[in-house]
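Just so we're on the same page: letters track the sequence lines, and every chain starts at 1.
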2 protein chains.
Amino acid sequence: MQEKKKIPKSVASRLSLYLREISRLEDEGGDKVSSVELGELTGLTDAQVRKDLSYFGQFGTSGSGYEILKLKNILRDLLGKDNIWHIVLIGAGNIGSALLRYPGFKNQGFIIKEAFDIDQKKIGKCYGEVTVKDVRQINDIEKDRSIKIAIITVPVDSAQDVAEEVTRYGIICILNFSPVILKVDEGVTVRNIDLSNELENFSFILTSAKG
Amino acid sequence: MQEKKKIPKSVASRLSLYLREISRLEDEGGDKVSSVELGELTGLTDAQVRKDLSYFGQFGTSGSGYEILKLKNILRDLLGKDNIWHIVLIGAGNIGSALLRYPGFKNQGFIIKEAFDIDQKKIGKCYGEVTVKDVRQINDIEKDRSIKIAIITVPVDSAQDVAEEVTRYGIICILNFSPVILKVDEGVTVRNIDLSNELENFSFILTSAKG
DNA sequence: CACTGTGAACCCGTTCACAGCA
DNA sequence: TGCTGTGAACGGGTTCACAGTG
């Protein structure tokens with residue numbers, strides 16, 4: 001009945017998944033979707049889809065499903081898809097420079113606005129509209145208060161230092177590729193992408209399967 | 001009391017985290033560690049550390065903690081760190097080629113043995129010891145039964161096809177970078193790394209913070 | 001009749017709290 | 001005394017099952 005309960009983290013992290021599949025359906029010319037269908041597309045159960053969607057109001061139609069356009073707009077709204085988000089990237093190595101070159105972000109409203117590295121060989125390199133600067137100038141980002149997101153792709157030893165620095169300069173969301181748990185102030189959100197961890201998980205699975 | 005209960009997924013995914021911190025402690029010359037210390041290093045509670053470790057036998061010493069060397073060996077063992085794992089990578093684009101160039105995997109025992117792409121411009125390119133082959137030859141991997149892990153870094157539309165193909169050829173672990181839920185046979189493990197999803201999560205946080 | 005919306009039941013992982021041990 | 005090992009309590013998220021609705 002109530003308009004909006006607080007959306008739990010678990011639900012929030014599925015929002016973009018829903019939006020993605022909804023958008024695909026829209027592209028294919030659909031206009032309604034049931035919780036069962038959406039469940040199949042997202043790999044979730046129908047009950048979960050319904051419960052998730054119920055967190056932000058009820059707009060399904062009994063007997064026919066959800067209106068795709070309506071649902072899409074609500075999800076876009078929640079996810080702030082009409083905004084453009086500015087990002088700073090620190091560490092223009094292998095992964096870092098791949099992200100700088102990656103065109104997908106821009107289409108999604110994410111723009112890497114600044115990039116830094118400590119290595120003279122990398123400083124000055126240009127990727128699209130971004131030129132890699134000396135990390136000693138990182139406090140430049142303080143001037144640009146629109147930058148709230150940092151991507152950290154530096155070696156593990158410097159990651160904590162970098163995290164502390166960028167949070168001092170207004171960053172409140174960090175996507176961390178270094179295999180280390182960052183300690184950050186309250187109010188800062190960190191998400192980790194740990195390739196080695198993922199692979200070692202496989203290693204564990206494969207090892208115990210042999211067992 | 002019992003030697004080994006089955007290790008839950010949640011615990012398994014922290015194993016490499018423990019090993020990492022334990023190894024660091026060892027490098028620093030430590031020889032014992034308490035659950036409290038290890039908890040601080042890993043960002044977990046001490047209770048959780050103890051419970052996790054208790055899943056694979058008891059080897060802590062009351063009053064003094066865990067022997068680092070012993071713990072390390074057990075973790076290495078569980079994670080199969082003495083093995084070398086072979087990997088096939090499909091999609092030598094931005095991210096894919098960054099992974100091909102990334103030296104960290106090899107040190108950890110993960111070797112990208114084969115790489116494929118559909119794009120003539122990428123086929124034939126050489127990264128270290130790996131040369132990118134035409135994806136039409138992907139059934140080559142069937143001969144090499146040592147390859148159990150695939151990294152999929154292809155555009156979203158081809159990801160499902162690629163997944164089906166590689167699982168036909170003996171792959172049972174997939175690290176998927178495409179923003180799509182892969183449908184795979186029972187017994188195949190998929191882990192997703194979804195950059196856009198992570199960023200959209202930030203977008204959600206930043207949007208709702210503005211409230 | 002098909003499908004939504006949602007309390008209730010369930011499940012599983014985390015945390016608590018303390019007995020047991022060196 | 002300090003720290004482990006672990007049952008018990010807790011909590012959040014998922015699933016169930018069904019009443020309600022167009």
Side-chain angles (χ1 to χ4, degrees), chain A residues 1-18 21-22 25 30-72 74-75 181 197 201 204, chain B residues 1-18 21-22 25 30-72 74-75 78 181 201 204:
Chain A
M1 285 299 158
Q2 59 281 59
E3 246 317 283
K4 31 182 160 175
K5 321 164 201 183
K6 203 167 139 281
I7 296 176
K9 274 212 192 77
S10 55
V11 178
S13 70
R14 285 190 290 267
L15 255 32
S16 66
L17 185 59
Y18 289 130
E21 296 304 330
I22 285 288
L25 287 173
D31 77 315
K32 292 250 178 184
V33 62
S34 74
S35 55
V36 174
E37 284 176 80
L38 197 45
E40 272 161 19
L41 290 169
T42 54
L44 306 166
T45 65
D46 56 323
Q48 178 143 57
V49 171
R50 289 199 300 280
K51 181 140 269 196
D52 281 358
L53 300 191
S54 81
Y55 275 101
F56 35 97
Q58 59 254 87
F59 37 82
T61 316
S62 298
S64 84
Y66 301 90
E67 243 181 79
I68 286 180
L69 191 62
K70 201 165 170 186
L71 188 48
K72 189 191 81 168
I74 291 171
L75 287 167
I181 306 300
N197 190 23
N201 227 302
F204 172 75
Chain B
M1 284 298 157
Q2 59 281 57
E3 247 315 283
K4 29 184 161 173
K5 321 165 201 181
K6 204 168 137 279
I7 298 175
K9 275 213 194 73
S10 55
V11 178
S13 69
R14 286 189 289 269
L15 256 31
S16 67
L17 186 59
Y18 289 131
E21 296 304 330
I22 286 287
L25 287 172
D31 77 316
K32 292 251 178 185
V33 62
S34 73
S35 55
V36 175
E37 285 175 80
L38 196 45
E40 271 162 18
L41 290 169
T42 53
L44 306 166
T45 65
D46 55 323
Q48 177 143 57
V49 172
R50 289 199 299 282
K51 180 140 271 193
D52 282 358
L53 300 190
S54 80
Y55 276 102
F56 36 97
Q58 58 255 87
F59 38 82
T61 317
S62 298
S64 83
Y66 301 89
E67 242 180 80
I68 286 179
L69 191 61
K70 201 165 169 186
L71 188 47
K72 190 190 79 168
I74 290 171
L75 289 167
L78 282 167
I181 305 302
N201 226 304
F204 173 74

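Side chains of A/Val33 and A/Glu21 form no contact here, defined as non-hydrogen atoms less than 4.5 Å apart. At a threshold of 4.5 Å between non-hydrogen side-chain atoms, the residues B/Arg50 and B/Tyr66 count as touching. Side-chain contact between B/Glu40 and B/Val36: present, with at least one pair of heavy atoms (C-beta onward) separated by less than 4.5 Å. Taking 4.5 Å as the limit, some side-chain heavy atom of B/Arg14 sits within range of a side-chain heavy atom of B/Leu44.
The distance between atom CZ of A/Phe56 and atom P of C/dT4, rounded to the nearest whole Å, is 14 Å. Computed from coordinates, the B/Phe59 CZ to D/dT4 C1' distance equals 11 Å when rounded to whole Å. Rounded to an integer number of Å, the gap from B/Glu40 CD to D/dC3 P is 12 Å. A/Asp46 places its CG atom 15 Å from the P atom of C/dA2, with the value rounded to the nearest Å. If you measure from atom CG of B/Leu15 to atom C1' of C/dG13, you get 16 Å, rounded to the nearest angstrom.
In terms of heavy-atom proximity, B/Tyr55 sits nearest to B/Lys6 at CD2-O, 3.9 Å. Between A/Tyr18 and A/Val49, the closest heavy-atom pair is OH-CA, 3.6 Å.
The side chain of A/Gln58 places no N or O atom within less than 4.0 Å of a non-bridging phosphate oxygen (OP1 or OP2) of D/dT21. The shortest distance between the side-chain N/O atoms of B/Ser64 and the OP1/OP2 oxygens of D/dC3 is not below 4.0 Å. Taking only side-chain nitrogens and oxygens, A/Tyr66 never comes nearer than 4.0 Å to OP1 or OP2 of C/dA2.
Annotation: the terminal axes of the helix from C/dC1-D/dG22 to C/dA22-D/dT1 meet at 0°, where each axis is the rotation carrying the C1' atoms of four end pairs onto the next four (5 pairs per end, rounded to 10°).
Looking at A/Ser13 and B/Asn201, their side chains never bring a donor and an acceptor atom within 3.5 Å of each other.
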* How does protein contact run along nucleotides 14-22 of chain C, one letter per nucleotide 5' to 3', with B for base contact, S for sugar-phosphate only, - for none, heavy atoms under 4.0 Å? -> SBBB--BBS
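Remark: side-chain polar atoms of B/Glu37 are paired, donor with acceptor, to backbone N or O of B/Ser34 under 3.5 angstrom.
Not counting sequence neighbours, A/Asp31 has no partner by the salt bridge (charged side-chain N to carboxylate O under 4.0 Å, His left out) test.
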